[in-house]
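Some notes on the structure that comes next.
The structure presented is a predicted model; accordingly, all values stated were derived computationally and were not measured. Computed from heavy atoms alone, side chains included, the values below leave out hydrogens, waters and symmetry copies.
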4 protein chains.
Amino acid sequence: MALGEEKRPPARGEVEKRGDVENRGDAEKTAERRASVGARRSEATEAAVLGATAALIAEAGYGALTMEAVAKRARAGKATLYRWWPTKAHLLLGLISQAKGSMPPPRGEGLRGELVAYISDMVALWRGDAGPAMGPLIRQCYAESWSNPDLALALQEERRERWTRLTEILNRAVTRGDLPQDLDLARAKDFLMSWPFYLLMTDRLPDAQSIAQMVDDSLGGLHGMK
Amino acid sequence: MALGEEKRPPARGEVEKRGDVENRGDAEKTAERRASVGARRSEATEAAVLGATAALIAEAGYGALTMEAVAKRARAGKATLYRWWPTKAHLLLGLISQAKGSMPPPRGEGLRGELVAYISDMVALWRGDAGPAMGPLIRQCYAESWSNPDLALALQEERRERWTRLTEILNRAVTRGDLPQDLDLARAKDFLMSWPFYLLMTDRLPDAQSIAQMVDDSLGGLHGMK
Amino acid sequence: MALGEEKRPPARGEVEKRGDVENRGDAEKTAERRASVGARRSEATEAAVLGATAALIAEAGYGALTMEAVAKRARAGKATLYRWWPTKAHLLLGLISQAKGSMPPPRGEGLRGELVAYISDMVALWRGDAGPAMGPLIRQCYAESWSNPDLALALQEERRERWTRLTEILNRAVTRGDLPQDLDLARAKDFLMSWPFYLLMTDRLPDAQSIAQMVDDSLGGLHGMK
Amino acid sequence: MALGEEKRPPARGEVEKRGDVENRGDAEKTAERRASVGARRSEATEAAVLGATAALIAEAGYGALTMEAVAKRARAGKATLYRWWPTKAHLLLGLISQAKGSMPPPRGEGLRGELVAYISDMVALWRGDAGPAMGPLIRQCYAESWSNPDLALALQEERRERWTRLTEILNRAVTRGDLPQDLDLARAKDFLMSWPFYLLMTDRLPDAQSIAQMVDDSLGGLHGMK
DNA sequence: AAATAACCGAGACGGTACGTCTGGTCTTTTT
DNA sequence: AAAAAGACCAGACGTACCGTCTCGGTTATTT
């Protein structure tokens, strides 16, 4: 779920929220009832819109990403567009969510190896080594989040999800005794991610060797961190 | 000098055109001659424009920063505005340059003390503890730099200047033997600055205690860095 | 129809997309179907725009007739304005077309009486004896037509329509034998209209008595014209 | 003298193009590198300004006639331009006055012959048969005169001067007894000129044969005019 | 089979900002 | 003192998007 999407139109796929807990009497009926009559959201349109978004960004940059242009290219009505993606940032988040599955499975051995692999995978995703580059999209999302608290929350959530693997890496290392038992996990993750993030923001994504160096340097701090 | 400002309008610094090449005899006279006749750039207008820019941002946020509004508020013509500040980012850079002098003098003792003082001063400038907050301005500049190479260069230069004091701190520490002789200064500075920068970009500027912790953690990495 | 207005916006008359090619059987049904769905042109806006145009001209003269001012006064968007009236001349023509119906019915007896009545009516319309003065509007239209071939054509058409009554007057006179059988009607009309037109252009619209004199003088030439 | 020019700066003193006819060698040079400056009005500047005016109109039409462009092309300061020609119409009048001398001497025999010759000469001047076309310039002057009383007066004066020859033709005809003794000269002139003027305004300047027909038709009215 | 409800495309609408251009005025330097 | 050069304020120009809306037409459920 992204960006308070549940507040706007009816619901979509999910039906029950809170009150449904009491209505246990007709449970099976609830499950099969649609939220409403009428046509459902068109999946073809959703695909067309996200495709148009990606194409516009790829062809002419973020500056050419106009709600108007997306609607026209996707052959979608502007009302439809605004109904489901009220902001350009929603479009970007949609793209990012699409790409989320493409992160490769964890790999690497030992704390250092796992960290290097993780950061390399992330940088590859940002740089677009296999598929469209996510870096510029993420940057734009952050820029819009500065004036859009909803988006800021969504990005925080996004960060949390994306760092699941990092959390696991660190937890394993603590368990193994490679890192202090009383390590402040949140700060550790910020510390580890801040350098790659900084390079993303200044448009200087590192190569493989630099990533290894970065991990080494950061580990120096990490070992003493509480 | 920021942002290729010298490329656009007339000339300003240069004097010779065609015939002046022969007049090498009176070089020092040439130096004091104006490039051309005609009125000079109005300093009052420059001040009014930057003032209007600051006021608009302070009152209604960056979203309200419109070239149109700046011109109206500064009682300046739009042509004048565009002549000297062809982009909103130019206005922001103008403000940032104005604020550059307000950094307090270096203080703190020892490597750790100096770093804590330096980062604290910078965060205070970003947060606006004494004057207008520079943080949001800087963020916006970065956002625009992603689609404006000129601005990206200008920001790089800006970073370099702002980090003069940091360079001195590190150099002293190396001289004292507090840090390795073969320290890679550029990477060290990036490493040190990335965390505060990351917090700026995610709008979570740290308090005094957190800054001390950050410095401690980073120093752990720094000591082993080559 | 004025000024190629039909050429601009999308399509309007065409219906077929893909599958419609087969449905050629119901041609007359096609005729009444709208070309595309979507909101139609707002008549209220049209009235507001023409009203604003008239008001601005009346209050401050043609010099104050700014597309910007019309839009603001009519509370219409500039895009709307430009969509339907791409030129100031289009606005003027709109006003003139509005006023076209206000010409009184033919009157007068005999060739001379009819001509005097016709020219008097026209001059009254120009001078604004009953309603807004059309003269200045027409003059401005001509001025713009010099650099706008579309407008020139529209004015020619406008002239043709306005002269229908004059054509009838002359035709009746020829039939009665009051004028030569082989009269060149086109030249005769030009000849008759040139004097009032000239006075309009030099801002010296004639009074009733002068009109009678003009008609008498012109008739002298008309009787011998072939 | 035209257009209240005497109210503003000194006077002028009539410039007259002294020997420019001989100096054809450096004609274009005059435009680009003048002796410039000095405490007196420069005749070279006046020539350059009018030349630039004519060139701009010839090359890109009246729409491209900008005070700014004239100044730049004539290498004159805008202040200078405004001082001597406060309106575009002043520039046009300047051009028209320049061309005034180029009317050929009277010719033709008898009232009809003289009239045909006179109108033909005028139409030739308008159409630009020998030199630049004056017709469009005159039209623009009239258009501006509708919102500029000064210019309207100047044009009236202009008309009066230009019609001197016409007055003489008519006077001779009256003396000879070819026209009524009590002919209203002013109305007669208006009557004669209105048709050509009308054709000028509707951009349909007549050929030689049409002119003869026009004169014949008009004479029909003229003979009975009092 | 109807009625109903939500979806969809197209696009007109009122607005607002854009970046450019011109109009006039004023300032500075040169002659 | 007049001329060039040109910076200045003011504001209209025509374009592009914004986000809202209205219009017909299309599915799907509910009655």
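With salt bridges taken as basic N to acidic carboxylate O contacts below 4.0 Å, none links C:R73 and C:E68. Taking 4.0 Å as the cut-off between side-chain N and carboxylate O, B:R41 and B:E46 count as a salt-bridged pair.
Ranking E:dG19, E:dT27, E:dC13 by closeness to the B:Y82 side chain, first place goes to E:dG19. Residue A:K78 places its side chain closer to F:dG19 than to any other of E:dT27, F:dG19, F:dC17. In this structure, the nucleotide among E:dG23, F:dA7, E:dC18 sitting nearest to the side chain of B:M67 is E:dC18. Each of E:dG15, E:dC7, F:dC8 was ranked by its minimum atom distance to the side chain of B:T45; first place goes to F:dC8. In the set F:dG19, E:dC13, F:dC13, the nucleotide with an atom closest to the side chain of C:R83 is E:dC13.
Across the protein-nucleic acid pair, B:R73 atom CZ and E:dA17 atom C1' stand 18 Å apart, rounded to whole Å. Rounded to a whole Å, the CG atom of A:L91 is 14 Å from the C1' atom of F:dC18. As a whole-Å value, the separation of B:W85 CH2 from E:dT20 P is 16 Å. One interatomic measurement links the two molecules: CD of B:E68 to C1' of E:dT20, which rounds to 12 Å at whole-angstrom precision. Atom P of nucleotide F:dG19 and atom NE2 of A:H90 are separated by 11 Å, given to the nearest angstrom. At whole-Å resolution of the value, CD in B:E43 and C1' in F:dA7 are 14 Å apart.
For the pair C:G77 and A:L81, both in contact range of DNA chain E, the more 5′-proximal nearest nucleotide belongs to A:L81. For the pair B:A76 and C:A79, both in contact range of DNA chain F, the more 5′-proximal nearest nucleotide belongs to B:A76.
Residues forming a side-chain contact (heavy atoms from CB on, under 4.5 Å) with B:A69 (at least two apart in sequence, or on another chain): B:L56, B:T66.
The side chain of B:K88 places an N or O atom within less than 4.0 Å of a non-bridging phosphate oxygen (OP1 or OP2) of E:dC18. Side-chain nitrogen and oxygen atoms of A:W84 include none within less than 4.0 Å of the OP1 or OP2 phosphate oxygen of E:dC7. At E:dT29, one or more side-chain N or O atoms of B:R40 fall inside 4.0 Å of OP1 or OP2 (strictly under the cut-off). Note on A:R75: a side-chain N or O is less than 4.0 Å away from OP1 or OP2 of E:dA10. OP1 or OP2 of F:dA4 sits under 4.0 Å from a side-chain N or O of D:T80.
Closest approach of D:A89 to D:L151, counting heavy atoms only: CB-CD2, 3.1 Å. The shortest non-hydrogen separation linking B:L81 to B:V70 is CD1-CG1, 4.0 Å.
Within 4.0 Å (heavy atoms only), B:K72 reaches no atom of the nucleic acid at all.
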